[in-house]
Amino acid sequence: RAAIETAWPGIELLVLPADPAGRLPAEALERVDFAYFSGDVYPDYSRSFFAAAQGAPNLRWLHTFNAGVDNPVFRRFLDRGVVLSTSSGSTAQPIAQSVIGGMLLLARPFLRWAAAQRRRAWEPVPASEAPADLAGQRMTVVGLGAIGTEVARLARAFGLAVTGVRRSPRREDDPVERVEPPGRLEELARETDWLVLACPLTEETRGLVSERVLRALPRGAYVLNVARGEVVDEAALIAALRDGHLGGAYLDVFATEPLPPESPLWELPNVVISPHNSAVAAGNERRATEGYFLPNLARMRRGERLVNEVR
Ligand code: NDP
């Protein structure tokens, strides 16, 4: 509250409870000019918030805790002329750490050790089955933004050679060897041991990782997806994992969420699953509020362009 007062002295503040069972009456937001949504997009309470905000006659700006705004609920605000900004960046560190954690689980024999541990079995991995050295392997990061850049930075510390994929050209401080356009993905896949997906879901990226791209990866390569399930052809991914073309995957996002109990992904060996939860970390809300919402509130007051404004 005090920080909001500092960013915009005298602003009137309405704090809505984050009551997951609650329903928000449409009138609640009638006088609101700006809204900061710091919840989760999917629960019922959020749906009632978005419905009320949709109808708020004075709403001019919506700032959201989310980084990805592919959910159609956000498009409706943009279509109405409401300025939309995100907190993209606030969860980049924990997500990148989850990606690296997934990589290490798959690259080192943790899954095998853990299975033996549960049987109280002392089963060293023999030298004849030693995993490949991680240092010197090649990673391709599709979507070299807040998350992808942090993944690349950490991966390089493990000695991987990292290529970034995005539409805009290389910047001096990009922690990658090179930046290539998405049109070259299939070609790049041929020399990729670790394919990391960290791009937004857009018309261009839906199905970007097609069966052709998956099959272009060398045998034994890995897919790590923290972007959106629809970026990958999930049926082709399952087939490539099943027939051993892929060595494994770390998946946080799926074509259908929650991942249905009948999905074969649950039981495939060498698949590590997190329930769209790779970002979970105690500091996220503070990072989103202090790093993005409050600075944007001050910018809004000064009539300046917002950070992370969605166009
Ligand atoms: P950023 O906006 O910082 O980065 C997105 C990157 O993707 C940019 O480098 C952008 O570069 C690139 N990009 C856009 N279009 C394409 C394309 N067609 N092909 C290749 N690259 C492309 O976003 P974040 O890093 O914060 O988040 C990325 C995505 O991760 C989010 O949109 C969301 O879907 C997902 N996410 C998932 C979370 C989870 O819990 N698993 C949590 C947070 C985000 P350019 O424009 O130059 O192409």
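Just so you know, ligand 1 is whichever comes first in the structure, and atom 1 is the first atom listed for that ligand. All values reported here derive from a predicted model rather than from experimental measurement. Throughout, residue positions are numbered sequentially from 1 according to the sequence presented.
- V226 and L251 fall into different hydrophobic clusters, where Ile, Leu, Val, Met, Phe, Trp and Tyr residues are linked whenever their side-chain heavy atoms come under 4.5 Å apart, directly or through other members.
- Every residue two or more places apart in sequence or in another chain that forms a salt bridge (Lys or Arg N to Asp or Glu O under 4.0 Å) with R112 is listed here: E129.
- A donor-acceptor contact closer than 3.5 angstrom links the side chains of T289 and Y36.
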Table of N or O contacts for ligand 1, cutoff 3.5 Å:
unit_1: ligand 1; atom_1: 3 (O); unit_2: S88; atom_2: OG; d: 3.3
unit_1: ligand 1; atom_1: 3 (O); unit_2: A146; atom_2: N; d: 2.9
unit_1: ligand 1; atom_1: 9 (O); unit_2: L144; atom_2: N; d: 3.4
unit_1: ligand 1; atom_1: 9 (O); unit_2: L144; atom_2: O; d: 3.0
unit_1: ligand 1; atom_1: 9 (O); unit_2: G145; atom_2: N; d: 3.1
unit_1: ligand 1; atom_1: 15 (N); unit_2: R167; atom_2: NE; d: 3.4
unit_1: ligand 1; atom_1: 15 (N); unit_2: R167; atom_2: NH2; d: 3.4
unit_1: ligand 1; atom_1: 18 (N); unit_2: E204; atom_2: OE1; d: 3.4
unit_1: ligand 1; atom_1: 23 (O); unit_2: S88; atom_2: OG; d: 3.4
unit_1: ligand 1; atom_1: 25 (O); unit_2: A146; atom_2: N; d: 3.2
unit_1: ligand 1; atom_1: 25 (O); unit_2: I147; atom_2: N; d: 2.9
unit_1: ligand 1; atom_1: 26 (O); unit_2: S88; atom_2: OG; d: 2.6
unit_1: ligand 1; atom_1: 34 (O); unit_2: R228; atom_2: NH1; d: 3.4
unit_1: ligand 1; atom_1: 40 (O); unit_2: H276; atom_2: NE2; d: 3.4
unit_1: ligand 1; atom_1: 41 (N); unit_2: V226; atom_2: O; d: 3.1
unit_1: ligand 1; atom_1: 41 (N); unit_2: D252; atom_2: OD2; d: 2.9
unit_1: ligand 1; atom_1: 46 (O); unit_2: R167; atom_2: NH2; d: 2.7
unit_1: ligand 1; atom_1: 47 (O); unit_2: S168; atom_2: N; d: 2.8
unit_1: ligand 1; atom_1: 47 (O); unit_2: S168; atom_2: OG; d: 2.4
unit_1: ligand 1; atom_1: 48 (O); unit_2: R167; atom_2: N; d: 2.8
unit_1: ligand 1; atom_1: 48 (O); unit_2: R167; atom_2: NE; d: 2.8

Using a 3.5 Å cut-off and no angle test, enumerate the donor-acceptor pairs between side-chain atoms of residues 230-238 and protein atoms at least two apart in sequence or in another chain.
unit_1: D233; atom_1: OD1; unit_2: A235; atom_2: N; d: 3.3
unit_1: D233; atom_1: OD1; unit_2: A236; atom_2: N; d: 3.1
unit_1: E234; atom_1: OE1; unit_2: A255; atom_2: N; d: 2.9

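- Under a 4.0 Å N-O distance rule, the pair E186/R212 qualifies as a salt bridge.
- E290 meets the side-chain contact (heavy atoms from CB on, under 4.5 Å) test with R286; sequence neighbours excluded.
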